[in-house]
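This report refers to the structure that appears directly beneath it.
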Amino acid sequence: MPELPEVETLRRELERALVGRVIKSVKIFWSKTVQPFTPTIFAKQLKNVRVTSIERTAKILFLNLSNGKTLAIHLKMTGQLVFQSQGSTLGDFKVEPLIAGGHPEDPKKYTRAVFEFNGRAKLYFNDLRKFGWLRLVSAKDKQIMTEKYGLEPLSPEFTLANFTRALTRYPNRKLKLTLLDQTLIAGLGNIYADESCFAAGLRPRRRVKTLTDKEIKKLHRAIKQILKLALAKGGTSSRNYVRSDGSPGDFFSYLKAYGRSGQPCRRCLTPIAKIKLAGRGAHFCKNCQR
DNA sequence: GTGTTTGTTATCAA
DNA sequence: CTTGATAACAAACA
């Protein structure tokens, strides 16, 4: 799933690829993907507009535009942003959906929108499950969208003191649910919440009020370390996520808990357990995590 | 046909 | 206000 490291990887790649380019046309193949306008109006509003900068808050990308508006993008669970510069041919990647093929002009099965830029460069928005969205917003809308989010784990504001305050704000919550609460800490999803718990040696069901100062400190370090490494590896391609050139992120082989139920713990060889927490899978080692 | 996968929001319940 | 559960969105896969 695209979480902080995946979305930040795309932000960096698209910053290089798109900033300074002008949108020449937008084609939309699934109308509910674009908001809040009809596809026709949406496309019209973006025609001949330049991308001036790209930002990220939590799991949302913001493409700031020369008309004063911003294109906000959320990939939700299966969204992809694939960039094709003029004349480039995309490789044959295992992760579907693919843009490559003999007819790059034609949208693939899961392509919901295509942006064409000057120089014939193209940005494909693919989304198997249609949860993702492209939202054209004003500066004010953008502010309203971003202000509800909590601490950015890779920012200077992510101090131990601030983290402790956010983490313990709802003392009776289970640890993993707190880590997933975007209004407290922004950008963690199921993969990195599980990995953070593993690295800190903490069970996902622990109530936050039972955590010692020492454990909170370890968790704080764990979150920073894991997100930093995952970002350096270009994110985790466990299902649909791909980088902007269509290639997979390399963090998958570093996972120690997520998706490893039944497999031996990399630290103590105890089979990784899987439980249901708030309707999602939670993976952990009964021996290494307390 | 059933259960599982998950980001986010809405809604209901205690 | 806190917390927890469930459904909704949607489609693939085992």
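We name chains A, B, ... by the order of the sequence lines, and we start the count at 1 in each one.
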Practice task
Report yes or no: does Glu215(A) contribute a side-chain atom to a donor-acceptor pair with the main-chain N or O of Leu202(A) at less than 3.5 Å?
Solution key: no
At a cut-off of 3.5 Å, list every protein nitrogen or oxygen paired with a nitrogen or oxygen from nucleotides 9-14 of chain B, distance to 0.1 Å.
from   : atom 1 : to        : atom 2 : distance (Å)
dT9(B) : OP1    : Lys148(A) : NZ     : 2.6

Handout entry: With sequence neighbours excluded, residues passing ring pair (Phe, Tyr, Trp, His ring centres under 6.0 Å) with Phe158(A)
Key = Phe163(A), His220(A)
Practice task
Provide, to the nearest angstrom, the distance between the OH atom belonging to Tyr241(A) and the P atom belonging to dG7(B).
Solution key: 15 Å
Problem - Short side-chain N/O contact from His74(A) to OP1 or OP2 of dG7(B), under 4.0 Å - result: no
Exercise for the section: Could you verify whether a donor N or O on one side chain and an acceptor N or O on the other, from Gln80(A) and Asp127(A), lie under 3.5 Å apart? Expected result: no
Practice task
Have a look at Gly281(A) and say if it touches a base, only the backbone sugar-phosphate, or nothing, with a 4.0 Å heavy-atom cut-off.
Solution key: sugar-phosphate
Handout entry: Atom-pair distance (CD1 on Ile73(A); P on dT8(B)), nearest Å
Key = 15 Å
Problem - Whole-Å distance separating the CG atom of Asn240(A) from the P atom of dA11(C) - result: 13 Å
Dump the pairs, protein N or O against N or O of nucleotides 3-5 of chain C, anything under 3.5 Å, distances to one decimal.
from   : atom 1 : to        : atom 2 : distance (Å)
dT3(C) : OP1    : Asn172(A) : N      : 2.9
dG4(C) : OP1    : Arg207(A) : NH1    : 3.0
dG4(C) : OP2    : Arg207(A) : NH1    : 3.0

Problem - Side-chain donor or acceptor of Arg203(A) paired with backbone N/O of Gln289(A) under 3.5 Å - result: yes
Would you mind writing out the side-chain donor-acceptor pairs for residues 224-234 of chain A within the sub-3.5 Å range, not counting sequence neighbours?
from      : atom 1 : to        : atom 2 : distance (Å)
Lys233(A) : NZ     : Tyr254(A) : OH     : 3.2

Problem - Between dA11(C) (C1') and Lys32(A) (NZ): distance, integer Å - result: 13 Å
Practice task
Mind calculating the distance between NZ (Lys130(A)) and C1' (dA8(C)) to the nearest angstrom?
Solution key: 15 Å
Handout entry: Gln182(A) side chain near dG7(B) phosphate (N/O to OP1/OP2, under 4.0 Å)
Key = no
Exercise for the section: Tell me which of Lys276(A) and Arg280(A) sits closer to the 5' end of DNA chain B, going by the nucleotide each one is nearest to. Expected result: Lys276(A)
Completion exercise
Residues joined to Phe62(A) in its hydrophobic cluster, side chain to side chain under 4.5 Å directly or through other members, sorted by chain and number, are Ile60(A), Trp133(A), Val137(A), Met145(A), Tyr149(A)
Problem - For atom CG of Asp181(A) and atom C1' of dT2(C), their distance in whole Å - result: 12 Å
Handout entry: Dot-bracket summary - DNA chain C, pairs being Watson-Crick or G-U whose distances fall under 3.5 Å, with | when paired to another strand
Key = .||||||||.||||
Practice task
Only counting residues at least two apart or in another chain, list the ones meeting side chain to side chain donor-acceptor pair (under 3.5 Å) with Arg165(A).
Solution key: Asn162(A)
Practice task
Can you tell me the distance, in whole Å, between the CD atom of Glu3(A) and the C1' atom of dT8(B)?
Solution key: 13 Å
Fill in the blank from the handout: Contacts of Arg56(A) meeting salt bridge (charged side-chain N to carboxylate O under 4.0 Å, His left out) (sequence neighbours excluded), chain-then-number -> Glu8(A), Glu152(A)
Handout entry: salt bridge (charged side-chain N to carboxylate O under 4.0 Å, His left out) partners for Glu157(A), two or more places apart
Key = none
Handout entry: Asn190(A): partners by side chain to side chain donor-acceptor pair (under 3.5 Å), with sequence neighbours left out
Key = Lys176(A)
Solution key, residues 256-271 of chain A side-chain donor-acceptor pairs under 3.5 Å, sequence neighbours excluded:
from      : atom 1 : to        : atom 2 : distance (Å)
Arg260(A) : NH1    : Pro264(A) : O      : 3.1
Arg260(A) : NH2    : Pro264(A) : O      : 3.0
Arg266(A) : NE     : Leu255(A) : O      : 3.0
Arg266(A) : NH2    : Leu255(A) : O      : 3.3

Exercise for the section: Provide the distance between the two P atoms, one in dT8(B) and one in dC1(C), to the nearest whole Å. Expected result: 23 Å
Fill in the blank from the handout: Residues passing the salt bridge (charged side-chain N to carboxylate O under 4.0 Å, His left out) test with Arg243(A), sequence neighbours excluded, are Glu13(A)
Practice task
Grab the CD-P distance between Gln80(A) and dA11(C) for me, whole Å please.
Solution key: 16 Å
